[in-house]
Amino acid sequence: MSDYQTTTRTTARGVAGIVATTRTGAQAWHDGKMMKAYADTMVSHAEDDVGSIVSTYDSRQPPTEAAIQLKDKIDKPLQAASSSLTDLRIALRRNDRQGVAQSIKDLAAPLKTLKGMEQVGL
């Protein structure tokens, strides 16, 4: 397994874990089982953490054509997760339960793709 495959797998695993945890917390807030202040802090940290992971991943130059294809494959779910976390933060701060519910749904697709990429190179 190449270093780039390992980096991609680690990136997918890290973002998937953050997204899964954040979806659970957002659902808890939506269902009235979590205080807004805690949910807001959790979502804000998740958004920052995903942004940092994506920035670090994007700073690596894919060394081969296969690595470029791998990068192309992971870029869309990474960007979708990042964008949906931003939407979630905004909806949460507006007390927009419908927006939070939509963001939780929107995070499902990138989460599924990223979980599938946790096995890259194995």
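The structure displayed is predicted, hence computed values, not measured ones. If you read the sequence from its start, that first residue is 1, and numbering goes on from there. All values below come from the heavy atoms of this structure, side chains included, with hydrogens, waters and symmetry mates left out.
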Should the pair Arg89-Glu47 be classified as a salt bridge under the 4.0 Å nitrogen-to-oxygen rule? yes
Would the distance check show the side chain of [X] and the main-chain N or O of [Y] forming a donor-acceptor pair, the cut-off being under 3.5 Å?
X: Thr41; Y: Ala37; value: yes
X: Lys71; Y: Thr8; value: no
X: Ser84; Y: Ala80; value: yes
X: Ser52; Y: Asp48; value: no
X: Gln5; Y: Ser2; value: yes
X: Thr11; Y: Thr7; value: yes

Give every residue pair that meets the ring-ring contact (aromatic ring centres under 6.0 Å, His included) criterion with at least one member in residues 71-115, sequence neighbours excluded. none
Taking ring-ring contact (aromatic ring centres under 6.0 Å, His included) as the cut-off, I'd like each qualifying pair that reaches into residues 43-75, sequence neighbours left out, listed once. Tyr4-Tyr57
Give me the atom names and distance for the closest heavy-atom approach of [X] to [Y].
X: Ala16; Y: Leu114; result: CB-CB, 4.0 Å
X: Ala46; Y: Thr22; result: CB-OG1, 3.1 Å
X: Ala81; Y: Val19; result: CB-CG2, 4.0 Å

Donor-acceptor side-chain pairing of Asp31 and Gln27 below 3.5 angstrom: yes
State the CD1-CG distance between Ile104 and Asp87, to the nearest 0.5 angstrom. 12.5 Å
Sequence-distant partners of Asp96, salt bridge (charged side-chain N to carboxylate O under 4.0 Å, His left out), two or more places apart: none
Minimum side-chain heavy-atom gap [X]-[Y] below 4.5 Å:
X: Met117; Y: Lys73; value: yes
X: Trp29; Y: Arg97; value: yes
X: Val50; Y: Leu78; value: no

Inspect the surroundings of NZ in Lys76 and state if more than 12 heavy atoms from other residues, nucleotides or ligands are less than 6.0 Å away. no
